[in-house]
2 protein chains.
Amino acid sequence: MFKKVLIAEDMEDINKGVFSLLTELGVTQIDQVQYCDDAYLKIKRADLDNVPFDLVISDLSFKVDHRSQTYPSGHSLVEKLKSEFPNLKVIVYSVEDRLQAVRTLFNQHDIDAYVCKSRNGLKNLTQAISEIAKDEKFLSPEVSNAFSSENELEIDDYDISLLDNLSKGLSQDEISALYRKENISPASLSSIEKRLNKLRVQFNANNAIHLVAIVKDLGLI
Amino acid sequence: MFKKVLIAEDMEDINKGVFSLLTELGVTQIDQVQYCDDAYLKIKRADLDNVPFDLVISDLSFKVDHRSQTYPSGHSLVEKLKSEFPNLKVIVYSVEDRLQAVRTLFNQHDIDAYVCKSRNGLKNLTQAISEIAKDEKFLSPEVSNAFSSENELEIDDYDISLLDNLSKGLSQDEISALYRKENISPASLSSIEKRLNKLRVQFNANNAIHLVAIVKDLGLI
DNA sequence: GCCACCGTTACGGAAAACCGTAATCATATT
DNA sequence: AATATGATTACGGTTTTCCGTAACGGTGGC
């Protein structure tokens, strides 16, 4: 089991909650920080002193305040940590449930676990810790389909065009008519519906509005 | 009438079209640029040389390319110009027909005319030029209702909350239920519909998807 | 040829959004 | 107290979206 763990989480209550959990799990050396920069500094220091952390549990979003930060988000912190300390295990613990974001964290930054904050977030966190202690990866059930072989995680030009036209206020019917006119295939309303449905599950979106909001945030359109 | 005019427009064809129009109107000194930064430099130079421009016709959106720009958009250019050269007349000539954007340009940056690129854009442009030569303001018919006393141009916290919840994927029904639970008024589905309808006309949006896309672009949510 | 597979299209029903109208309620004015 | 005004809510009808099912059509394997 892990001996030295760092918790990076700006909300004090949640930070405390994770601390308690770790204590119950028998972890004795636990450090807590509320800023990403502090997290990096502590880990760097510990490494230089030859008493490195062996696990970091980090949030993704940190409220900005007066303190200007080199690492404004958990995302950037994780990226830095994993590139500088490849042996350090990292669990991301966040409310974020967008599959694309989760995929990026695993694929690009090689995190070890992703746990969604939710009703039974701590239960999942416990499970995550025991899994990665065995060198396994862990994925919260909420986002378990992020890597299901089903959905191709590729978004092609057609998808982008679809989302773009949606965001411009065209109805699915109008898009269908437009594609027919411009000889873009598939053009049927049915196919457009089906494609949008695929995109919705792919991005964990509740409806078309949500979907467009998400892909705009991702900068896809 | 104006003697020295600058055209800032990245699309060569449109730039040329405006040039022809100005020539027909008897303007002899016409400069043309395809980058916002060049526009600023030319105007600054002319001012220092005591041969200032008396009119700028600028687009809003400029395609980004390899040249990095201090002023990435017509919006930022106009802002700078009007603050540094208050006497310089400015016509914004753009396809953009979002009322909020037009309002901002008039209210915050004090532009002199807003002309929508459209079927008879050049006709409107001619009219705009003659109007502001008489120190009048001009507004394209497409966006003439930007200042109609009808629509309050104020967006309050309730509106933002509404848009935010929409963008998070909640249905209008769910938002209604949420507001009832949290004692936020008005909470009825009917009121929510009505408010969203008001926002749609206010932002020239075709539907809720379009609306959310627009306010996200504006950074309202 | 036959068949399985996959993308496209068609269709129908349920849910949600859209839109106009009207009733209800609270508040301010006289 | 009576009335006017505006905000909130209710309701009904149309359109659009959402979702499941199924038919159609081309491609590749056997």
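All chains are named by letter (A, B, ...) in the order of the sequence lines, taking the proteins before the strands, and each is independently numbered beginning at 1.
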Quiz item: Considering heavy-atom distances to DNA chain D, does B:Lys194 or B:Asn207 have its closest nucleotide positioned more toward the 5' end?
Solution: B:Lys194

Quiz prompt | Rounded distance in Å - CD1 (B:Ile175) to P (C:dA16) | solution = 13 Å

Quiz item: Which word best sums up how the rings of B:Tyr40 and B:Phe85 line up, parallel for under 30°, tilted for 30 to 60°, or perpendicular for over 60°?
Solution: tilted

Exercise. Go through C:dA10, D:dA22, D:dC11 for me and flag the one nearest to the B:Ser190 side chain.
Key: D:dC11

Quiz prompt | Value in whole Å for how far the P atom of D:dC18 lies from CG of A:Leu199 | solution = 12 Å

Exercise. Look at the side-chain N and O atoms of B:Gln172 and state whether any lies under 4.0 Å from the OP1 or OP2 oxygen of C:dA15.
Key: no

Quiz item: Charged N to carboxylate O under 4.0 angstrom, B:Lys216 versus B:Asp164?
Solution: no

Self-check item: Phosphate OP1/OP2 of D:dT9 contacted by B:Ser191 side-chain N/O (<4.0 Å)
Solution: yes

Quiz item: Charged N to carboxylate O below 4.0 Å: is that the case for A:Lys134 and A:Glu131?
Solution: yes

Quiz item: How long is the line joining CD1 of B:Ile192 and P of D:dT8, in whole Å?
Solution: 11 Å

Quiz item: Mapping B:Ile209 and B:Glu193 to their closest nucleotides on DNA chain D, which lands nearer the 5' end?
Solution: B:Glu193

Quiz item: Is there a donor and acceptor pair closer than 3.5 Å between the side chain of B:Ser171 and the base of C:dA16?
Solution: no

Practice problem: Using atom CG of A:Asp173 as one end and atom P of C:dC18 as the other, report the distance to the nearest whole Å. | Solution: 15 Å

Self-check item: Nucleotide D:dT17, atom P - distance to CG of A:Leu196 in whole Å
Solution: 9 Å

Quiz item: Looking at A:Arg200, does any N or O in its side chain come under 4.0 Å of the phosphate oxygens OP1/OP2 on D:dC19?
Solution: yes

Quiz item: How about A:Lys137: does its NZ atom have over 12 heavy atoms from other parts shown lying under 6.0 Å from it?
Solution: yes

Quiz item: Rounded to whole angstroms, how far apart are CG on B:Asn165 and C1' on C:dA17?
Solution: 17 Å

Self-check item: Electrostatic pair A:Glu9-A:Lys117, nearest N-O below 4.0 angstrom
Solution: yes

Exercise. Return the value, rounded to whole Å, for the distance between atom CG of A:Asn206 and atom C1' of D:dC19.
Key: 15 Å

Self-check item: Distance, rounded to the nearest Å, where A:Arg195 contributes CZ and C:dT8 contributes P
Solution: 6 Å

